[in-house]
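Presented below is the structure to which this report refers.
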Amino acid sequence: MDLRFLRTETIIKEKFIEQLSAMSFHEMTVTKLAKASMIDRTTFYTHYASTFELASALIMDYLAPFKNAFELSQKQRHLQSHFDSYHFFSDELVDYLLQNKHDIQLLREISLGKNSFDPQLRQLFIHVYSKLFNRKESDFVIYLMVSLAMSNLEFVLNEGRLPKRDELKDGIDLMYTAINQ
């Protein structure tokens, strides 16, 4: 691919994130984004059909490390008899989340229905957990695990760290006690 094309695409994505800091996604227009990127509208349309397509592409870019971490985790799980996936995800993803916290939070606010950040990440978790636990994607256990994973994401973004195993255990014990009262 042409280096100039890639450079322009990178600038468009960077300016998109900058513009999201200043205005909502629905206030953003191709004209405003092209002006901020110092390109004309025609150049923008060479790269993306709309700001919605650009937002979807950026969301996919920011979800790629999750997909890569899950794939690597599955490979390592097969190679090691006592692979610690909790530790792996804390190492792999917490640093990524903290380094990209601002951008991820901005992208999470964009409403694109099923193409939004959170629904796509939930779907990724559903797929991974159903394979990992050998359960149907519609099993309630998978819903619980995905909700826990999304809560972990929220916690990392808000508190700057992954919950400790004891914190998770305490939460699960509390839910178990509440259910059995």
Please report the closest heavy-atom contact between [X] and [Y], naming both atoms and the distance.
| X | Y | answer |
| --- | --- | --- |
| Pro119 | Gly113 | CG-O, 3.5 Å |
| His102 | Ser21 | CE1-OG, 2.9 Å |
| Ile11 | Ser37 | CG2-O, 3.8 Å |
| Phe155 | Arg161 | CD2-O, 3.1 Å |

Classify the ring geometry between Tyr143 and Phe140 as parallel (under 30°), tilted (30 to 60°) or perpendicular (over 60°).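 Taking Phe140 first and then Tyr143, their aromatic rings lie parallel (interplane angle under 30°).
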Return the orientation label for the Phe5 and His47 ring planes: parallel under 30°, perpendicular over 60°, tilted otherwise.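 Taking His47 first and then Phe5, their aromatic rings lie parallel (interplane angle under 30°).
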State, with a plain yes or no, whether a side-chain heavy atom of [X] is found less than 4.5 Å away from one of [Y].
| X | Y | result |
| --- | --- | --- |
| Leu112 | Phe52 | yes |
| Arg108 | Leu153 | yes |
| Thr51 | Thr29 | no |
| Asp139 | Ser130 | no |
| Met28 | Leu20 | yes |
| Lys114 | Arg122 | no |
| Gln105 | Lys101 | yes |
| Leu58 | Asp103 | no |

What's the separation between atom [atom1] in [X] and atom [atom2] in [Y], rounded to the nearest 0.5 Å?
| X | Y | atom1 | atom2 | result |
| --- | --- | --- | --- | --- |
| Ile12 | Ile39 | CD1 | CD1 | 3.5 Å |
| Ile17 | Tyr62 | CD1 | OH | 4.5 Å |
| His127 | Ile142 | NE2 | CD1 | 11.5 Å |
| Leu98 | Glu159 | CG | CD | 11.0 Å |
| Leu54 | Asp61 | CG | CG | 9.5 Å |
| Leu144 | Ser151 | CG | OG | 10.5 Å |

Are [Y] and [X] linked, directly or through intermediate hydrophobic residues, by side-chain heavy-atom contacts shorter than 4.5 Å (ILVMFWY only)?
| X | Y | result |
| --- | --- | --- |
| Val141 | Val146 | yes |
| Met23 | Leu107 | yes |
| Tyr45 | Phe16 | yes |
| Met150 | Ile104 | yes |
| Tyr48 | Phe25 | yes |

Looking at Ala57, is its backbone amide N or carbonyl O close enough to the side chain of Lys13 to form a donor-acceptor pair, meaning the two atoms are under 3.5 Å apart?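 Judged by distance alone, no pair lies under 3.5 Å.
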Tell me, yes or no, whether the heavy-atom count around [X] atom [atom1], taken from other residues, nucleotides or ligands under 6.0 Å, exceeds 12.
| X | atom1 | value |
| --- | --- | --- |
| Lys15 | NZ | no |
| Arg135 | CZ | no |
| Phe133 | CZ | yes |

Please lay out, stage by stage, how Phe117 and Ile110 fare under the test side chain to side chain contact (heavy atoms under 4.5 Å, CB included). CA-CA 8 Å; Phe117 189 94; Ile110 298 173; over 6 Å; no
Just checking, is any N or O donor in the side chain of Ser111 or His26 under 3.5 Å from an acceptor N or O on the other one?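 On atom types as modelled, these side chains do not qualify, holding no pair under 3.5 Å.
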Could you go through residues 172-181 and list every donor-acceptor pair under 3.5 Å that involves a side-chain atom there, pairing it with any protein atom two or more places apart or in another chain?
| from | atom 1 | to | atom 2 | distance (Å) |
| --- | --- | --- | --- | --- |
| Asp173 | OD2 | Lys169 | NZ | 2.7 |
| Thr177 | OG1 | Asp173 | O | 3.0 |
| Asn180 | ND2 | Tyr176 | O | 3.0 |

Please determine whether a side-chain nitrogen of the Lys or Arg among Arg4 and Asp2 lies less than 4.0 Å from a carboxylate oxygen of the Asp or Glu.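 Salt bridge between Arg4 and Asp2, a charged N being under 4.0 Å from a carboxylate O: yes.
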Partner residues of Ser147 under the side-chain hydrogen bond (donor to acceptor under 3.5 Å, both in side chains) criterion, sequence neighbours left out: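 side-chain hydrogen bond (donor to acceptor under 3.5 Å, both in side chains) list for Ser147, sorted by chain: empty.
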